[in-house]
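All remarks here apply to the structure that follows.
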Amino acid sequence: ILAAYSGRIMSVSSSYLFGRIEEFGNRPAVSFEGRQYTYTDLGSQIDRFRDQLREREIQPGEVVCLASDYSFFALSLFFALVRHGVILVPVTTTVRAEIEERIRQSQVERVVQLTGETIQIRNVLDSPEAKHPLIRQLRDHRAAGLVLFSSGTTGVPKAMIRDCDVLLKSYEGRTPKVDRIVAFLM
């Protein structure tokens, strides 16, 4: 079951975030497996992944599951999918039954599997056309979405959907610290 995470869904430009990534340039952004990546590295990798998404005909508004571990490349692909305008369902579990349940619950149309730096895309054959009103609303507003799962106090995680642009807009106007490093939790 999908539930509104907060209030009314509206489309707001996420260009602020991507402008900040470009603006921060060679400042450190992510440290992963002993290597430090700059915001320039992050922006470049986001662009490379977006090119791959276009080549593979991923469409804005599609419900896309990102199946991945935690890495610099996962972070880059996450932001590439957001920038591309999909309704994103990040999944980090490796338990097949949990993955399939989350795909079913969130009405996923495609799964993007990230292994290292390589993406593989598969269509979900039995995926229903997006019937949930919150998904339709995001599509109508041409807004990127984010589907997150609760911890499941009843034993069954529940999906929540959020307009990514509204979420990212909440960071506008915040004063960055000089040595801030992006912390990313999926």
Side-chain angles (χ1 to χ4, degrees), residues 5-32 35-92 106 108-114 116-119 121 134-135 137-148 160-186:
Y5 184 73
S6 73
R8 189 174 73 113
I9 296 176
M10 62 174 61
S11 180
V12 177
S13 173
S14 62
S15 62
Y16 174 79
L17 170 73
F18 299 105
R20 297 296 283 186
I21 288 172
E22 186 176 319
E23 179 184 321
F24 288 166
N26 288 324
R27 293 182 190 172
V30 176
S31 183
F32 179 71
R35 179 165 176 211
Q36 195 168 66
Y37 296 90
T38 66
Y39 284 95
T40 299
D41 297 330
L42 180 61
S44 295
Q45 189 60 51
I46 290 168
D47 291 342
R48 281 192 289 278
F49 280 139
R50 270 198 83 204
D51 290 343
Q52 290 180 43
L53 296 171
R54 283 189 206 103
E55 288 168 8
R56 294 177 176 160
E57 300 180 358
I58 299 284
Q59 299 300 312
E62 282 188 59
V63 182
V64 176
C65 173
L66 169 57
S68 175
D69 58 358
Y70 299 99
S71 71
F72 167 76
F73 297 102
L75 175 64
S76 301
L77 182 53
F78 178 95
F79 284 130
L81 287 159
V82 168
R83 191 165 200 184
H84 196 63
V86 305
I87 299 166
L88 180 58
V89 184
V91 176
T92 58
S106 52
V108 167
E109 296 161 304
R110 301 223 214 172
V111 176
V112 176
Q113 176 74 46
L114 180 66
E117 299 178 40
T118 306
I119 62 173
I121 299 172
L134 294 173
I135 291 174
Q137 193 173 12
L138 284 170
R139 285 181 173 166
D140 290 347
H141 288 98
R142 297 186 185 336
L146 181 61
V147 178
L148 300 172
M160 300 169 283
I161 192 166
R162 181 75 195 254
D163 182 321
C164 269
D165 293 336
V166 172
L167 182 65
L168 294 173
K169 179 115 175 117
S170 70
Y171 290 92
E172 279 189 42
R174 290 189 181 183
T175 306
K177 294 181 181 177
V178 175
D179 294 321
R180 180 175 289 169
I181 295 178
V182 171
F184 180 72
L185 300 174
M186 270 214 240

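Taking CZ of Phe78 as the start and CG of Leu146 as the end, the distance is 5.0 Å to the nearest 0.5 Å. In this structure, CD1 on Ile121 lies 12.0 Å from SG on Cys65, to the nearest 0.5 angstrom. Taking CD1 of Ile46 as the reference point, atom CG of Leu75 lies at 7.0 Å (rounded to 0.5 Å). Thr92 contributes atom OG1, which lies 9.5 Å from atom CG of Leu66 (distance to the nearest 0.5 angstrom). The CG atom of Leu17 lies 8.5 Å from the CZ atom of Arg83; values are rounded to the nearest 0.5 Å. To the nearest 0.5 Å, the span separating CD1 on Ile87 from CG on Leu138 amounts to 5.0 Å.
Residues Pro28 and Tyr39 share a closest heavy-atom pair of O-CE1, 3.3 Å. Taking all atoms of both residues into account, the shortest heavy-atom contact from Ala143 to Asp163 is CB-OD2, 3.5 Å. The minimum heavy-atom distance between Ala74 and Ser68, with the atom names listed, is CB-OG, 3.2 Å. Here the closest heavy-atom approach between residue Phe73 and residue Gly116 is recorded as CB-O, 3.5 Å. Shown here for Val147 and Pro90, the closest heavy-atom pair between the two residues is O-CD, 3.3 Å.
Legend: residues meeting ring pair (Phe, Tyr, Trp, His ring centres under 6.0 Å) with Phe72, ordered by chain and number and at least two apart, are Tyr37.
Side-chain contact of Thr38 with Asp41: a donor-acceptor pair under 3.5 Å is present, judged by distance alone.
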Evaluate the criterion side-chain contact (heavy atoms from CB on, under 4.5 Å) for residue pair Phe49 and Leu114; output intermediate values, then yes/no.
CA-CA 11 Å; Phe49 280 139; Leu114 180 66; 4.1 Å; yes
Evaluation steps, side-chain contact (heavy atoms from CB on, under 4.5 Å), between Phe18 and Phe79
CA-CA 9 Å; Phe18 299 105; Phe79 284 130; 4.0 Å; yes
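In this structure, His84 contributes its side chain and Ala80 its backbone to no donor-acceptor pair below 3.5 Å. No donor-acceptor distance shorter than 3.5 angstrom exists from the side chain of Ser31 to the backbone of Gln36, with no hydrogens or angles considered. Between the Glu109 side chain and the Val63 main chain, a donor and an acceptor come within less than 3.5 Å of each other.
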Can you list, pair by pair, the side-chain donor-acceptor contacts under 3.5 Å of residues 52-59, counting residues two or more places apart and other chains?
from, atom 1, to, atom 2, distance (Å)
Arg54, NH1, Asp51, OD1, 3.0
Arg56, NH1, Ile119, O, 3.0
Gln59, NE2, Glu57, O, 3.3

